[in-house]
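Side chains included, hydrogens not; waters and symmetry mates left out as well; all remaining heavy atoms used.
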Amino acid sequence: MACGNLMKLSEDVGIDIFIRLPVKSLMRFKSISKNLYVLIGSTTFANLHLNHATITKDELILFKRSTKEQSEEFINVLSFISRIGDDGFIPLQPDLNVPHLTNDYGSLFHHLIGPCHGLIALTDLVVTVLINPTTRHYRQVPPCPFGCPKGYHRTVEGVGFGFVSILNDYKVVRLSDVFWDPPYGYAEGRDSKVDVYELSSDSWRELEPVEVPPIYYLSCSEMIYKEGVHWFASKDKVVILCFDIGTEIFRNMDIPDAFYSIRQSRYGLLVLNECLASICYNDPGCAIDPTQDFLHIWIMKEYGVSESWIKKYTIRSLNVESPLSFWKDQFLLVESKTGQLIYYDVNSDEWKEVGLQGYRTSMRVIVYTESISSIHSGREHATQVQRF
């Protein structure tokens, strides 16, 4: 075998070993030599490492919650969880305070979106921060420069985040409603505005006017799946609104027909068994007969085909405020009405508490895998990448 082939074989074996290592070890190897620094810092290697972590399902949890300190002020905290032990969740690293976002009652409406090719977006609808939870790097997205004409009022109704593989680029999308705001009386009319931010160019642009149904706010939505951002929206009925982050085209999908027959219900979006999943549960603000208090989980076997919804689980509820996420396709993480993080094990048919508490309705969860994906630093005078 020629010397060149031996060197190529040695390099391939080395890459195969490195993609199996945790990010913490890779960061140490980067400092050993210039060659390793270039290899581990390359986009190609980052993609290989992320793909391996995804295939092996080495799933971790990013958990956000708020606690109330003073009359109108909250502390917003990120927790990193590696696994479940005998006494509850095992932390991966110390908790961190959330940067840049609101710390008033708006804290209850923060959203985590992702993961998208190793990154997660944390937003309060006005400010969006991109985070790599593994490397602990983050960057605030520059504010959107587009407002509305004098005499009109603009409200941001939804934010999405995704990665376009064909462009190797991240995008943030912002959905707004614009109303005529007369001097007297109520706001009238409604127009939809859609703005898109591209990380590679570090710039915002407005899309051509498009009619978008009003966003139906629910805490367990604004989810990314197959390069599509998903919200619930209110048309003649509740539907799933999808924005393809690559083509920048909207479309609607029906929720399971069975959901419409359940009175006083709310909905959530999850990923289960690598399928888009929808969950229906009783409105926590309504009095419910305990014998009728269930969580209904359906999965869409063929993405985008509403006729492919099938029922997966019917679970007796336990004081549920909101579903949060599925972890390892086994544990359904939810927030209780008392502001506790609890989970349901689909294998053992048991509910368990884990001792993590927050202000009611403030909890959000994202399941992610380790990644060394970098955050583009932007232009010279743009917001810069920082580290917790």
Side-chain angles (χ1 to χ4, degrees), residues 21-25 27 49-50 52-54 56-67 74-99 101 107 110-116 118-122 129-138 219-220 222-224 268-272 277 279 318 320-336 338-348 350-373 387-388:
L21 296 178
V23 171
K24 189 174 182 179
S25 298
M27 294 300 100
H49 185 269
L50 180 61
H52 181 268
T54 303
T56 56
K57 285 196 170 292
D58 296 328
E59 295 181 340
L60 306 169
I61 292 174
L62 178 62
F63 170 54
K64 179 266 169 185
R65 68 187 187 277
S66 303
T67 57
F74 290 78
I75 292 180
N76 304 306
V77 176
L78 295 176
S79 299
F80 303 82
I81 298 167
S82 62
R83 58 189 175 86
I84 297 177
D86 295 335
D87 298 323
F89 287 136
I90 307 300
L92 183 66
Q93 61 188 51
D95 291 348
L96 298 171
N97 288 341
V98 175
L101 302 194
S107 302
H110 291 170
H111 275 277
L112 289 171
I113 311 169
C116 304
L119 303 186
I120 291 169
L122 178 58
V129 179
L130 304 184
I131 300 171
N132 182 324
T134 309
T135 63
R136 296 193 295 174
H137 288 119
Y138 70 94
S219 58
C220 187
E222 297 194 322
M223 190 199 69
I224 184 73
L269 291 172
L270 309 165
V271 175
L272 175 62
I279 183 168
L318 182 66
V320 170
E321 175 68 35
S322 174
L324 298 172
S325 185
F326 254 102
W327 187 33
K328 299 181 182 293
D329 289 334
Q330 179 181 347
F331 307 105
L332 173 62
L333 309 177
V334 307
E335 179 182 357
S336 74
T338 58
Q340 285 188 313
L341 180 62
I342 61 178
Y343 70 90
Y344 174 78
D345 188 331
V346 299
N347 291 344
S348 66
E350 292 180 300
W351 284 98
K352 294 184 179 180
E353 298 181 358
V354 294
L356 291 174
Q357 183 80 36
Y359 196 88
R360 184 178 174 182
T361 75
S362 73
M363 292 186 177
R364 304 290 185 270
V365 163
I366 287 291
V367 174
Y368 71 98
T369 55
E370 280 202 332
S371 168
I372 55 173
S373 297
R387 193 171 189 273
F388 288 109

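In this view, Gln330 and Asp345, Val346, Asn347 satisfy the side chain to side chain contact (heavy atoms under 4.5 Å, CB included) rule, not counting sequence neighbours. By the side chain to side chain contact (heavy atoms under 4.5 Å, CB included) test, Ile131 pairs with Leu78, Leu122, Val129, Pro133, Tyr138, Phe388, sequence neighbours left out. With sequence neighbours left out, Glu321 forms a side chain to side chain donor-acceptor pair (under 3.5 Å) with Arg360. Applying the side chain to side chain donor-acceptor pair (under 3.5 Å) rule to Thr67 yields no partners; only residues at least two apart in sequence or on another chain are considered. Residues satisfying the side chain to side chain donor-acceptor pair (under 3.5 Å) test with Ser107, not counting sequence neighbours, are Asn76. Residues that satisfy the ring pair (Phe, Tyr, Trp, His ring centres under 6.0 Å) test with Phe74, not counting sequence neighbours, are Tyr105, Tyr359. Taking His137 as the reference, nothing meets the ring pair (Phe, Tyr, Trp, His ring centres under 6.0 Å) condition, with sequence neighbours excluded. When the side chain to side chain contact (heavy atoms under 4.5 Å, CB included) test is applied to Ser79, the partners found at least two apart in sequence or on another chain are Phe63, Arg65, Val77, Asp95. In this view, Ser362 satisfies the side chain to side chain donor-acceptor pair (under 3.5 Å) rule with no residue, not counting sequence neighbours. Annotation: side chain to side chain contact (heavy atoms under 4.5 Å, CB included) contacts of Ser325 (sequence neighbours excluded): Val365, Val367.
Shown here for Thr134 and Ser371, the closest heavy-atom pair between the two residues is OG1-N, 3.3 Å. Scanning all heavy atoms of the two residues, the minimum distance from Val334 to Pro323 falls at CG1-CA, 3.9 Å.
Formation of a donor-acceptor pair under 3.5 Å by the Glu335 side chain with backbone atoms of Thr361 is found in this model.
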